[in-house]
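Structure, as structure tokens:
This structure is a prediction, so every number in the text was calculated from the model and none was measured. By convention in this document, chain letters (A, B, ...) are assigned in the order of the sequence lines, proteins followed by strands, and residues within each chain are numbered from 1.
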Protein chains: 2
Amino acid sequence: MFSKACEYGIRSVLFIAEQSQLDKRPNIVEIAKAVDSPEPFTAKICQQLARSGIILSRKGPNGGFYLEKDSKLTLAEIVACIDGDSIFKGCSLGLPQCSAAHPCPVHDQFNDVREGLKKMCENTTVTQLSEKLRKGETFLKI
Amino acid sequence: MFSKACEYGIRSVLFIAEQSQLDKRPNIVEIAKAVDSPEPFTAKICQQLARSGIILSRKGPNGGFYLEKDSKLTLAEIVACIDGDSIFKGCSLGLPQCSAAHPCPVHDQFNDVREGLKKMCENTTVTQLSEKLRKGETFLKI
DNA sequence: TTTATTTCTGATAATTTTATCAGAAATAAG
DNA sequence: CTTATTTCTGATAAAATTATCAGAAATAAA
Ligand code: FES
Ligand code: FES
């Protein structure tokens, strides 16, 4: 469904969000540990997210990554930043473009699923998810 | 969503199904042309599908690939053969396993989407799709 | 100002996926 | 039986994704 990079990215952002609520600014070592992901690869991904303004970063001692207070960040924005929006817009059978006028054989069926995925990602906020995480109801690793 | 191999695989099977209805047995060259996919790669995929009995094949002159008459083949079987069933069962954030007892933060939300995808693939038959294809209502390439 | 810490950047390596190729095995048709 | 056709098999190549590494740039704290 999502690329590895995107999976790590979402997990990282959720951890950063949780820590931001506690006024902390986790660094890459802490993030990779909390999320059980390869450290340098996770760094790359966090840098990409920071460059596009999805998360914020501070260099130097006591630096790290954090989230804007009361950010309205959604899953959809993270996914689009890392994997692009082809999962939300592209043809499921790989035709150069999805179009109702020239549909592939599964167009109708997939439209529902894809629309469901899209709506879900757009309506799910990171804050909302990190809340449950903080309460210990959900987990970022085994 | 699906791998390139899986996209080519589904498109190929749909073309084979359409041609089977016309009592034809297209070969790799014809399939790759109809589906606009790289010929040798498509060959690999069709071989894999044939080996697992999802499609049938005949060597020699006038040989090619075909489908069992009145086959009840579904999309789900093709996807599982090529991409495995991780898209139907795996955790969307890449945790080693999806479980309601130890859920990732998006487990609930994704469960709906994934279940929708699964049901859709299981309930959509190749025959049903190739019918529309034969009528010229849907397309396998631009 | 100096030092320690941390993100950031660019180069590189490993792995997986995608794609190609040459030739063997099978089989229908003449 | 011979030949032409086609799938099948295994080796290989190219590209993309995933992962690592070394060092520069920034910054807070001493
Ligand atoms: S054309 Fe394939 S999903 Fe719309
Ligand atoms: S645990 Fe992640 S989707 Fe179920």
For A:Lys24, does the NZ atom sit with more than 12 other heavy atoms under 6.0 Å from it, leaving out its own atoms? no

Just the rounded figure in Å: distance from [atom2] of [N] to [atom1] of [X].
| X | N | atom1 | atom2 | answer |
| --- | --- | --- | --- | --- |
| A:Arg58 | D:dA28 | CZ | C1' | 8 Å |
| A:Asn62 | C:dT7 | CG | P | 11 Å |
| A:Glu39 | D:dT20 | CD | P | 9 Å |
| A:Phe2 | D:dT18 | CZ | P | 13 Å |
| A:Lys44 | D:dC21 | NZ | C1' | 10 Å |
| B:Asp83 | C:dT18 | CG | C1' | 13 Å |
| A:Glu7 | D:dT17 | CD | P | 14 Å |
| B:Phe41 | C:dA19 | CZ | C1' | 7 Å |

May I ask which nucleotide in the shown strands pairs with D:dC1, Watson-Crick or G-U wobble, both distances under 3.5 Å? C:dG30

Given that both distances must come in under 3.5 Å, which nucleotide forms a Watson-Crick or G-U wobble pair with D:dG23? C:dC8

Give the other cluster members for B:Leu56, using side-chain heavy-atom distances under 4.5 Å between Ile, Leu, Val, Met, Phe, Trp and Tyr residues; answer none if it is isolated. B:Tyr66

Taking only heavy atoms on the protein side, list every residue of residues 27-38 of chain A lying under 4.0 Å from any atom of DNA chain C, sorted numerically. A:Asn27, A:Ile28

Looking only at heavy atoms, which two atoms of B:Lys132 and A:Asp108 are closest? And how far apart? NZ-OD2, 3.6 Å

Which atom of A:Pro105 lies closest to which atom of B:Leu133, heavy atoms considered: CG-CD1, 4.0 Å

Are OP1 or OP2 of D:dC8 and a side-chain N or O of B:Ser57 less than 4.0 angstrom apart? yes

Below 4.0 angstrom from OP1 or OP2 of C:dT9, is there any side-chain N or O of A:Arg51? yes

Parallel, tilted or perpendicular, as decided by the 30° and 60° cut-offs, for the rings of B:Phe139 and A:His102: parallel

C:dT27, D:dT7, C:dA19: which one has an atom nearest the side-chain heavy atoms of B:Tyr8? C:dA19

Among D:dA4, C:dC8, D:dT7, which nucleotide has an atom closest to any side-chain atom of B:Pro61? D:dA4

Under the side chain to side chain donor-acceptor pair (under 3.5 Å) test, which residues partner A:Asp83, sequence neighbours left out? A:Ser3

Have a look at B:Arg134 and tell me which of B:Glu18, B:Gln19, B:Gln21 forms a side chain to side chain donor-acceptor pair (under 3.5 Å) with it. B:Gln21

Which residue lies toward the 5' end of DNA chain D, A:Lys59 or A:Cys6, if each is placed at its nearest nucleotide? A:Cys6

Hey, which sits more toward the 5' end of DNA chain D by its nearest nucleotide, B:Gly63 or A:Lys4? B:Gly63

